[in-house]
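Residue numbers count from 1 along this sequence. Please read these numbers as outputs of a predicted model, since none were measured by experiment. Any value given below was found using the heavy atoms of this structure, including those in side chains, with hydrogens, waters and symmetry copies removed.
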Amino acid sequence: MKVVDLIKDNNFHDSCLENLFYDEKMRTLSLVIDFCCWAQKDFKEGDAENKIVNLKFDDVADLNSEDYEIDSDSILDFKLKDDGRIELVVESDSEGVQVISFRASSVTFD
């Protein structure tokens with residue numbers, strides 16, 4: 001799937017980033033997210049309010065090099081910038097606001 005479609009079709013605000021793994025050799029970035037189903041436009045009464053989803057980004061480049069301590073960080077913003085960079089803004093009680101940015105050619109949403 002194209003990254004623009006992922007971001008256009010899903011609302012990640014208030015979901016929680018549970019884990020982040022970058023495989024430098026394979027150039028993939030995996031994000032495990034406790035996804036807020038209730039915040040989606042197609043949510044229906046009786047659907048599960050949350051679910052764990054895995055995002056796997058391919059051909060990752062320019063991942064900013066800060067070390068991240070992930071601890072159920074709340075997602076504040078998830079966007080595709082005009083220059084093609086993906087920007088994920090998260091906040092945790094221990095680390096405050098952090099920005100994770102990178103480029104990717106595509107993403108799988110499981």
Side-chain angles (χ1 to χ4, degrees):
M1 149 187 315
K2 292 180 181 180
V3 175
V4 68
D5 294 332
L6 171 78
I7 293 172
K8 179 183 68 165
D9 295 342
N10 296 281
N11 179 2
F12 288 93
H13 185 77
D14 284 339
S15 294
C16 292
L17 179 61
E18 299 293 335
N19 200 353
L20 177 151
F21 177 73
Y22 178 58
D23 184 330
E24 190 172 354
K25 182 178 178 182
M26 298 298 292
R27 294 184 53 217
T28 60
L29 177 67
S30 298
L31 305 178
V32 177
I33 296 175
D34 185 357
F35 186 65
C36 291
C37 300
W38 57 264
Q40 308 312 306
K41 58 186 165 201
D42 62 349
F43 180 76
K44 296 178 194 77
E45 190 71 31
D47 288 351
E49 291 191 3
N50 290 64
K51 70 178 177 180
I52 299 297
V53 298
N54 296 294
L55 302 181
K56 182 179 175 189
F57 293 90
D58 298 308
D59 300 319
V60 172
D62 302 327
L63 177 64
N64 55 353
S65 60
E66 297 178 35
D67 292 326
Y68 297 103
E69 294 291 326
I70 304 300
D71 184 25
S72 292
D73 295 352
S74 180
I75 297 174
L76 301 177
D77 199 9
F78 195 17
K79 62 186 172 187
L80 184 61
K81 300 190 60 126
D82 290 340
D83 66 359
R85 294 183 66 78
I86 300 156
E87 186 173 88
L88 176 61
V89 181
V90 297
E91 181 177 29
S92 71
D93 292 335
S94 60
E95 300 292 321
V97 175
Q98 299 179 78
V99 178
I100 302 164
S101 65
F102 57 96
R103 296 179 191 280
S105 64
S106 62
V107 60
T108 304
F109 184 103
D110 292 322

Novice: Got a sec, which residues hit salt bridge (Lys or Arg N to Asp or Glu O under 4.0 Å) with Asp77, two or more places apart in sequence or on another chain?
Specialist: Lys79
Novice: Should we say atom CE of Met1 is surrounded by more than 12 heavy atoms from elsewhere, each under 6.0 Å from it?
Specialist: yes
Novice: Could you tell me the separation between the CZ atom of Arg85 and the CG atom of Asn64, rounded to the nearest 0.5 Å?
Specialist: 6.5 Å
Novice: Please name the residue in the list Phe21, Phe109, Phe102 that meets the ring-ring contact (aromatic ring centres under 6.0 Å, His included) test with Phe57.
Specialist: Phe102
Novice: Hey, does Asn10 have a side-chain heavy atom less than 4.5 Å from the side chain of Phe35?
Specialist: yes
Novice: Taking all heavy atoms of Ser72 and all of Cys16, pick out the closest pair and write down the distance.
Specialist: O-SG, 4.0 Å
Novice: Quick check for you: to the nearest 0.5 Å, what is the distance between Ser74 atom OG and His13 atom NE2?
Specialist: 6.5 Å
Novice: Check for me, please, whether Met26 and Val60 land in the same ILVMFWY cluster - side-chain distances under 4.5 Å, paths through other members count.
Specialist: no
Novice: How many angstroms lie between atom CG of Leu80 and atom NZ of Lys8, to the nearest 0.5 angstrom?
Specialist: 12.0 Å
Novice: Suppose we screen for side-chain hydrogen bond (donor to acceptor under 3.5 Å, both in side chains). Which residues come up paired with Asp9, at least two apart in sequence or across chains?
Specialist: none
Novice: How would you list, by chain and number, every residue that makes a side-chain hydrogen bond (donor to acceptor under 3.5 Å, both in side chains) with Asp58, sequence neighbours excluded?
Specialist: Ser106
Novice: Determine whether Ile100 and Leu31 make a side-chain contact, defined as any pair of heavy atoms from C-beta on separated by less than 4.5 Å.
Specialist: no
Novice: Would you say Ile70 and Val32 make side-chain contact, with heavy atoms under 4.5 Å?
Specialist: no
Novice: Measure across Ala48 and Cys37 and return the closest heavy-atom pair with its distance rounded to 0.1 Å.
Specialist: O-CB, 3.1 Å
Novice: Are the side chains of Phe78 and Ile86 in touch, meaning some heavy atoms are under 4.5 Å apart?
Specialist: yes
Novice: Tell me the side chain to side chain donor-acceptor pair (under 3.5 Å) pairs involving residues 32-56, sequence neighbours left out?
Specialist: Asp34-Asn50
Novice: According to side-chain hydrogen bond (donor to acceptor under 3.5 Å, both in side chains), who are the partners of Thr28, at least two apart in sequence or on a separate chain?
Specialist: none
Novice: Tell me whether the count of non-hydrogen atoms from other residues, nucleotides or ligands lying under 6.0 Å of CG in Asp83 goes above 12.
Specialist: yes
Novice: Roughly how far apart are Ile75 CD1 and Ile33 CD1, rounded to 0.5 Å?
Specialist: 4.0 Å
Novice: So, taking the atom named CG in Asp59 and the one named CG in Leu29, what distance separates them when rounded to the nearest 0.5 Å?
Specialist: 12.0 Å
Novice: So does Glu87 get a backbone contact from the side chain of Ser101, meaning a donor-acceptor N/O pair under 3.5 Å?
Specialist: no
Novice: Asp62: which residues meet the side-chain hydrogen bond (donor to acceptor under 3.5 Å, both in side chains) condition with it, sequence neighbours left out?
Specialist: Arg103
Novice: In Å and rounded to the nearest 0.5 Å, what is the CG to OG distance from Asp23 to Ser30?
Specialist: 8.0 Å
